[in-house]
Amino acid sequence: KLAISSEEEAISTVNLWLHREIGMALHATTAQFNRITFCWHLPIELAYATKGKIGVIGDIYLHAATGEFVGLPEAEDLRERAENLARSFGIG
């Protein structure tokens, strides 16, 4: 049995981590499964209710069999990228 067997599970797992570690403005809305690496790839987006989607600031990879993060930027790095992108749009 796979730890992360669907796109929905991958998105939920990543969004839970993002919201706990960084904040509600970052999220994943899509996940693509790579059969070669056996990983889910999830682009991380910055979005605000008043502005909509601002842009992608990074990527996270989850191993489907173990559920482990195998490609994960540091939370502080994602936070800094989000703040810089928001400032470039006049937010914050």
Side-chain angles (χ1 to χ4, degrees):
K1 180 173 169 131
L2 296 176
I4 309 287
S5 60
S6 70
E7 179 181 19
E8 292 79 18
E9 285 180 279
I11 292 169
S12 177
T13 299
V14 167
N15 283 338
L16 181 62
W17 182 84
L18 288 167
H19 296 161
R20 283 185 180 163
E21 297 297 321
I22 301 167
M24 299 300 288
L26 296 183
H27 64 274
T29 59
T30 63
Q32 287 189 307
F33 183 71
N34 183 310
R35 293 180 190 277
I36 295 169
T37 63
F38 220 63
C39 289
W40 292 97
H41 166 237
L42 298 96
I44 305 308
E45 301 175 344
L46 174 64
Y48 293 96
T50 57
K51 300 281 187 182
K53 179 182 168 184
I54 305 297
V56 174
I57 63 159
D59 301 282
I60 292 179
Y61 296 86
L62 281 176
H63 196 275
T66 65
E68 297 292 319
F69 290 95
V70 293
L72 178 66
E74 294 290 326
E76 186 56 39
D77 187 35
L78 285 174
R79 190 175 296 110
E80 185 177 316
R81 291 180 200 178
E83 289 169 359
N84 289 338
L85 184 58
R87 272 194 300 275
S88 74
F89 278 81
I91 303 167

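The first residue of the sequence shown is numbered 1, and numbering continues consecutively from there. Because the structure is a prediction, the values reported are computed rather than measured.
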- Query: Does Met24 belong to the same Ile/Leu/Val/Met/Phe/Trp/Tyr cluster as Leu46, with side-chain heavy atoms less than 4.5 Å apart forming each link?
  - Reply: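 Cluster IDs for Met24 and Leu46 differ.
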- Does one hydrophobic cluster hold both Tyr48 and Val56, with members joined at side-chain heavy-atom distances below 4.5 Å?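 In one cluster with Tyr48: Val56, no.
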Under 4.5 Å between any side-chain heavy atoms of [X] and [Y], yes or no?
| X | Y | result |
| --- | --- | --- |
| Trp17 | Leu72 | yes |
| Ile11 | Trp40 | no |
| Asn15 | Leu42 | no |
| Glu7 | Phe33 | no |
| Ile91 | Ile54 | yes |

- Side chain His19, main chain Leu26, donor-acceptor under 3.5 Å: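 It does hold such a pair.
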- Message: Using only atom types and a distance under 3.5 Å, with no angle test, would you say the side chain of Ser12 pairs donor to acceptor with the backbone of Glu9?
- Response: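 Here the side-chain-to-backbone pair does not exist.
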- Indicate the ring-plane relationship of His41 and Tyr61, choosing parallel, tilted or perpendicular according to the 30° and 60° boundaries.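 Ring orientation of His41 relative to Tyr61: parallel.
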- So with a 6.0 Å cut-off around CD of Glu76, is the heavy-atom count from everything else above 12?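 Atom CD in Glu76 is packed in, count exceeds 12.
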- Measuring from Asp59:CG to Leu78:CG, what's the distance to the nearest 0.5 Å?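 Here the rounded value is 9.5 Å.
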